[in-house]
There are 2 protein chains.
Amino acid sequence: MVKKTGRPAYLQIADDLREQVRGGSLAPGAPLPSTAQLAEQYDASLSVVKMAVGILRNEGLLIGQQGKGVFVRDDESSESGQGPAVDLVSEVIELRTAVRDLSERLAQVESTLSERSDR
Amino acid sequence: MVKKTGRPAYLQIADDLREQVRGGSLAPGAPLPSTAQLAEQYDASLSVVKMAVGILRNEGLLIGQQGKGVFVRDDESSESGQGPAVDLVSEVIELRTAVRDLSERLAQVESTLSERSDR
DNA sequence: CAGGCCAACTAGGTTAACCATGTTGGTCGC
DNA sequence: GCGACCAACATGGTTAACCTAGTTGGCCTG
């Protein structure tokens with residue numbers, strides 16, 4: 001499953017899961033496959049899957065419950081008063097992570113470029 | 001250094017570093033201590049330090065450069081507060097600004113590259 | 001002295017193992 | 001039947017090891 005692009009596997013899986021949530025393939029409140037099942041699906045190790053889930057958990061997109069599983073964040077479950085639709089929120093989160101990733105990569109390119117022009 | 005609170009060590013370290021950046025103790029563009037040094041400072045393993053740095057890197061707060069070190073991001077314009085539940089409208093505005101900034105920087109890099117390949 | 005090579009650093013990705021903790025379902029004894 | 005227990009599963013945190021790759025400085029050779 002993991003493509004041979006330079007992008008690390010755990011980010012690829014995180015992107016894919018984020019896309020599934022945003023696209024509705026994983027509905028709010030729905031459980032994700034277990035870590036072991038995800039590892040088999042993506043043909044990846046348990047470690048990278050745990051990393052990917054950890055990222056999305058950190059972003060607030062997923063909520064893990066020990067002993068039960070990992071679930072797509074549900075508005076009602078997390079907070080009562082809620083504003084915009086989940087679609088918009090997750091899309092903004094996705095865009096934000098994409099922008100940050102691009103920003104970092106560009107900064108690295110710029111850095112190496114300036115370094116080489118100095119010498 | 002790591003307190004025995006329920007909060008995991010890698011989050012404690014990430015919080016501490018984030019606070020140092022926000023408080024100016026780590027100036028924009030300044031390098032962080034190496035992973036090994038941070039591990040010694042916090043009396044933690046290399047793994048948890050790498051996790052903490054990875055989180056802040058994912059947030060866009062830090063930028064890692066292989067072989068050199070990890071640096072505090074100096075670009076203040078496209079950096080948005082990583083606090084969750086930010087107003088969606090302002091978030092979109094910030095993202096739009098960030099995309100425009102990235103486009104300009106990318107164009108600059110591309111032109112530099114083409115000039116260089118011409119000669 | 002000049003240039004190249006190499007050893008010692010750096011970050012970063014991946015994997016595997018161990019442990020803690022929580023949930024669930026089935027079985028066994030009463 | 002009912003309750004207690006237990007095995008199997010789940011997430012989550014931590015650690016260690018191995019590998020890739022980039023940078024830097026020093027040493028050695030020509």
Side-chain angles (χ1 to χ4, degrees), chain A residues 1-15 17 26 30-73 77 100-101 104-105 107-119, chain B residues 1-15 17 26 30-73:
Chain A
M1 173 66 190
V2 280
K3 301 185 181 68
K4 51 185 174 182
T5 167
R7 193 159 177 77
Y10 72 96
L11 287 182
Q12 289 185 43
I13 297 178
D15 290 341
L17 291 177
L26 282 173
L32 268 71
S34 72
T35 306
Q37 289 173 339
L38 285 177
E40 190 180 359
Q41 282 185 23
Y42 290 105
D43 191 26
S45 69
L46 292 176
S47 303
V48 298
V49 173
K50 286 167 76 173
M51 283 189 192
V53 173
I55 290 178
L56 301 181
R57 198 154 42 89
N58 192 267
E59 290 179 1
L61 195 65
L62 302 179
I63 295 182
Q65 295 183 26
Q66 275 192 352
K68 298 184 68 175
V70 180
F71 302 84
V72 180
R73 195 197 72 204
S77 70
R100 281 174 179 165
D101 178 60
E104 180 174 344
R105 286 159 61 188
Q108 289 192 27
V109 170
E110 287 174 342
S111 170
T112 57
L113 262 187
S114 64
E115 278 289 324
R116 285 188 197 181
S117 63
D118 284 347
R119 322 238 139 136
Chain B
M1 173 62 185
V2 281
K3 303 185 182 68
K4 48 188 171 184
T5 167
R7 193 159 179 79
Y10 72 96
L11 287 182
Q12 289 185 43
I13 297 179
D15 291 341
L17 291 176
L26 282 173
L32 268 70
S34 73
T35 306
Q37 288 173 340
L38 284 178
E40 190 180 358
Q41 281 185 24
Y42 289 105
D43 191 26
S45 69
L46 291 175
S47 302
V48 298
V49 173
K50 286 165 78 172
M51 284 191 192
V53 173
I55 290 180
L56 301 182
R57 199 155 41 89
N58 191 268
E59 291 179 358
L61 197 65
L62 302 179
I63 295 181
Q65 296 183 26
Q66 275 191 354
K68 298 184 68 176
V70 180
F71 302 84
V72 180
R73 178 169 178 195

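Letters A, B, ... are given to chains in the order of the sequence lines, protein chains preceding strands, and every chain is numbered from 1. No experiment lies behind these values; they were computed from the predicted model shown.
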Rounding to a whole Å, what distance do you find between [X]:[atom1] and [N]:[atom2]?
X	N	atom1	atom2	answer
A/Leu56	D/dT11	CG	P	14 Å
A/Gln66	D/dT14	CD	P	12 Å
A/Lys50	C/dC18	NZ	P	13 Å
B/Arg7	D/dT14	CZ	P	11 Å
A/Leu17	D/dT11	CG	P	12 Å
A/Leu46	D/dT14	CG	P	18 Å
A/Lys68	D/dG12	NZ	P	13 Å
B/Gln37	C/dA8	CD	P	18 Å

*Do the side chain of A/Ser34 and the base of D/dA10 come within less than 3.5 angstrom through a donor-acceptor pair of N or O atoms?*
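Answer no: no donor N or O sits under 3.5 Å from an acceptor.
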
*Is a donor-acceptor contact shorter than 3.5 angstrom present between the side chain of A/Ser47 and the base of C/dA16?*
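Yes.
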
*Given C/dG13, D/dT15, D/dT11, which nucleotide is nearest the side-chain atoms of B/Val48?*
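Taking heavy atoms from C-beta onward, the closest nucleotide is D/dT15.
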
So, do [X] and [Y] sit near enough that their side-chain heavy atoms are less than 4.5 Å apart?
X	Y	value
B/Thr35	B/Lys50	yes
A/Met51	A/Ile13	no
B/Leu17	B/Leu32	yes
A/Glu59	A/Leu56	yes

*By nearest nucleotide on DNA chain D, pick out whichever of A/Gly69 and B/Gly67 is the more 5' one.*
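Nearer the 5' end of the strand: A/Gly69.
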
*For C/dT14, does OP1 or OP2 lie under 4.0 Å from any side-chain N or O of A/Tyr10?*
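Result: no.
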
_OP1 or OP2 of C/dT14 under 4.0 Å from side-chain N/O of A/Ser45_ =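 The answer is no; no side-chain N or O of A/Ser45 sits under 4.0 Å from OP1 or OP2.
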
*Are the side chain of A/Gln65 and the backbone N or O of A/Phe71 linked by a donor-acceptor pair below 3.5 Å?*
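Here the side-chain-to-backbone pair does not exist.
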
